[in-house]
There are 2 protein chains.
Amino acid sequence: MPSAKYDRIYDKLRERIENEVYKSQELLPSEHVLIEEFDCSRNTVRRAIKQLADDGYVQSIHGKGVRIIYQPYEQSEFMLSGIESLKEAVARNKKEYTTKVVCFAELMVDDKISKRTTFPIGTEVYYLQRVRYIEGEALIIDHNYFRRDIVKGLTPEIAEKSVYEYLEGPLGENIVTTKRKMTVERITEIDSKYLKLKDYNCLAVVSSMTYNADGIMFEYTQSRHRPDCFTFYDQAQRVK
Amino acid sequence: MPSAKYDRIYDKLRERIENEVYKSQELLPSEHVLIEEFDCSRNTVRRAIKQLADDGYVQSIHGKGVRIIYQPYEQSEFMLSGIESLKEAVARNKKEYTTKVVCFAELMVDDKISKRTTFPIGTEVYYLQRVRYIEGEALIIDHNYFRRDIVKGLTPEIAEKSVYEYLEGPLGENIVTTKRKMTVERITEIDSKYLKLKDYNCLAVVSSMTYNADGIMFEYTQSRHRPDCFTFYDQAQRVK
DNA sequence: TGGTATTTGTCCGTATGTATC
DNA sequence: GGATACATACGGACAAATACC
């Protein structure tokens with residue numbers, strides 16, 4: 001499945017920026033030059049550049065050029081960004097990790113759960129608690145709610161591997177949008193039961209809602225991270 | 001300075017979604033219909049829709065339509081999103097707030113500061129510590145570093161009001177890009193000196209780098225929030 | 001099963017405006 | 001003023017996914 005032309009151009013430019021073929025603070029070659037190199041229309045290079053800007057690699061300056069503002073991150077940290085399963089994020093950092101399912105239930109959304117998850121009352125869901133070990137240490141505990149009519153046939157065995165791979169593989173679901181909320185919360189009994197918390201009395205909590213290609217929210221997850229192994233990156237542009 | 005056409009269309013559509021003229025889970029009118037209504041080209045409505053998708057209001061489904069996936073947030077919470085000064089965010093929530101400058105210094109970036117801020121060694125900066133009070137309570141402490149050659153003539157008096165208004169007003173700087181990193185950190189002596197921390201032993205920390213229209217990073221700020229008043233929202237799309 | 005209409009996705013070309021140098 | 005570079009907008013062509021008959 002070949003990707004789109006603007007996407008290939010984006011990839012090439014991003015690679016050059018990351019490898020410092022184009023150095024930080026310099027200007028990108030002008031649109032005209034890029035059009036010649038990639039043999040495409042102006043719209044197409046502009047689309048690639050827009051994506052680079054959205055991702056924090058460059059910044060367009062009207063009448064002047066496109067400045068590169070890329071700064072490599074320290075790879076020592078564990079990073080969350082975009083839509084990415086924990087498995088993918090860990091693999092990117094070349095670390096080992098395992099998952100243990102400590103609770104697996106099928107239940108119906110009641111008033112209380114509905115308020116937290118925004119699932120309609122009466123929705124049938126799987127509820128899971130999963131402990132995530134990275135390099136042998138229990139660092140994260142997930143509370144997952146999956147709609148049973150979409151994540152069909154989920155089992156603890158699958159949940160110990162990767163729910164996302166199951167969704168995108170056998171079930172043919174394409175995850176498209178995720179909305180997240182980050183907060184810091186006091187630890188609960190469950191947290192201290194499963195995580196090695198040192199003396200922290202708070203956790204980094206990421207609550208997320210995930211939509212499939214049909215625009216249906218099929219997952220609500222609350223991910224509770226030990227503070228010292230949590231980092232989240234973000235990039236924003238002011239529209240003027 | 002009238003805004004662009006696609007931006008006005010974006011605003012109108014967003015308003016309709018927020019006011020539930022278009023309801024969640026429904027499809028937006030097709031591009032063809034919107035073109036007629038707004039009397040514009042296809043590219044222009046598509047651009048507006050792209051922006052709505054980036055902001056988590058809708059999700060396009062190939063061959064089908066554009067589904068609305070908007071869920072209103074609870075307004076009770078204090079929300080951080082996009083590039084927004086604290087003053088703007090608080091105003092949006094109709095709360096009162098004040099700022100107290102507890103430290104104001106001019107200094108030169110040394111090796112240690114350079115590592116943290118990524119400013120080159122030798123850069124002349126203002127260093128500030130500011131305590132932020134919302135509804136009378138000390139909730140946030142900021143550590144600001146501003147490049148002195150860009151944020152010219154900064155004074156404690158200006159810093160008690162709004163540095164951003166000063167930048168965009170008298171100095172004519174247009175803030176464009178911000179990169180942020182969120183972590184949870186143990187409290188320090190300075191934190192407990194100025195903030196009413198209850199019994200939390202951690203803080204939500206947002207470290208941000210801000211670039212002006214020339215692509216120069218002119219600000220590094222570490223913002224330390226009391227856990228119970230910190231929320232950060234994010235929205236991501238998987239490219240497929 | 002197949003054909004047609006609808007709808008979104010990609011790509012191109014062109015014209016005009018505006019900011020920088 | 002002129003040259004260069006990015007920004008906005010329009011229109012057209014074809015592809016791909018979906019819906020419906």
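Sequence lines set the chain letters: A, B, ... in the order given, protein chains first and strands last, and positions in each chain run from 1.
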Fit a plane to each ring of B:Tyr57 and B:Tyr70, take the angle between them on a 0 to 90° scale, and name the class: parallel (under 30°), tilted (30 to 60°) or perpendicular (over 60°). parallel

State whether the distance check finds a donor on one side and an acceptor on the other, under 3.5 Å, for side chain B:His62 versus base D:dA16. yes

A:Glu124/A:Arg147 ion pair, N-O < 4.0 Å: no

Does B:Ile61 reach a base, just sugar-phosphate, or nothing at all? Heavy atoms under 4.0 Å. sugar-phosphate

Using a cut-off of less than 4.0 Å, is there contact between a side-chain N or O of A:Thr44 and OP1 or OP2 of C:dT10? no

In whole Å, I'd like the distance from the NZ atom of B:Lys5 to the C1' atom of C:dT16. 14 Å

Given B:Arg130, which of B:Thr221, B:Thr99, B:Asn144 fulfils the side-chain hydrogen bond (donor to acceptor under 3.5 Å, both in side chains) condition? B:Asn144

Name the closest nucleotide to the B:Arg46 side chain, picking from C:dG9, D:dT8, C:dC12. C:dG9

Between A:Tyr211 and A:Phe218, is the ring centroid distance below 6.0 Å? no

Interatomic distance, B:Ile9 CD1 vs D:dC10 C1' [rounded to whole Å]: 12 Å

With the side chain of A:Val66 defined as its heavy atoms from C-beta on, choose the nearest nucleotide among D:dC10, C:dT8, D:dC6. D:dC6

Nearest whole angstrom, please: distance from the C1' of C:dT14 to the CD of A:Glu31. 15 Å

Provide, to the nearest angstrom, the distance between the CD1 atom belonging to A:Ile35 and the P atom belonging to C:dC11. 14 Å

Would you indicate, yes or no, if D:dA9 has its OP1 or OP2 atom less than 4.0 angstrom from a side-chain nitrogen or oxygen of B:Tyr6? no

Could you check how far NZ of A:Lys64 sits from P of C:dC21, rounded to whole Å? 5 Å

Nucleotide C:dG9, atom P - distance to CZ of A:Arg47 in whole Å: 9 Å

Ring pair (Phe, Tyr, Trp, His ring centres under 6.0 Å) partner of A:Tyr126, chosen from A:Tyr145, A:Phe146, A:Tyr220, A:Phe104: A:Phe104

Whole angstroms only, please: what is the CZ-P distance between A:Arg42 and D:dA7? 8 Å

Taking CG from A:Asn43 and P from D:dG11, how many angstroms apart are they, rounded to a whole number? 14 Å

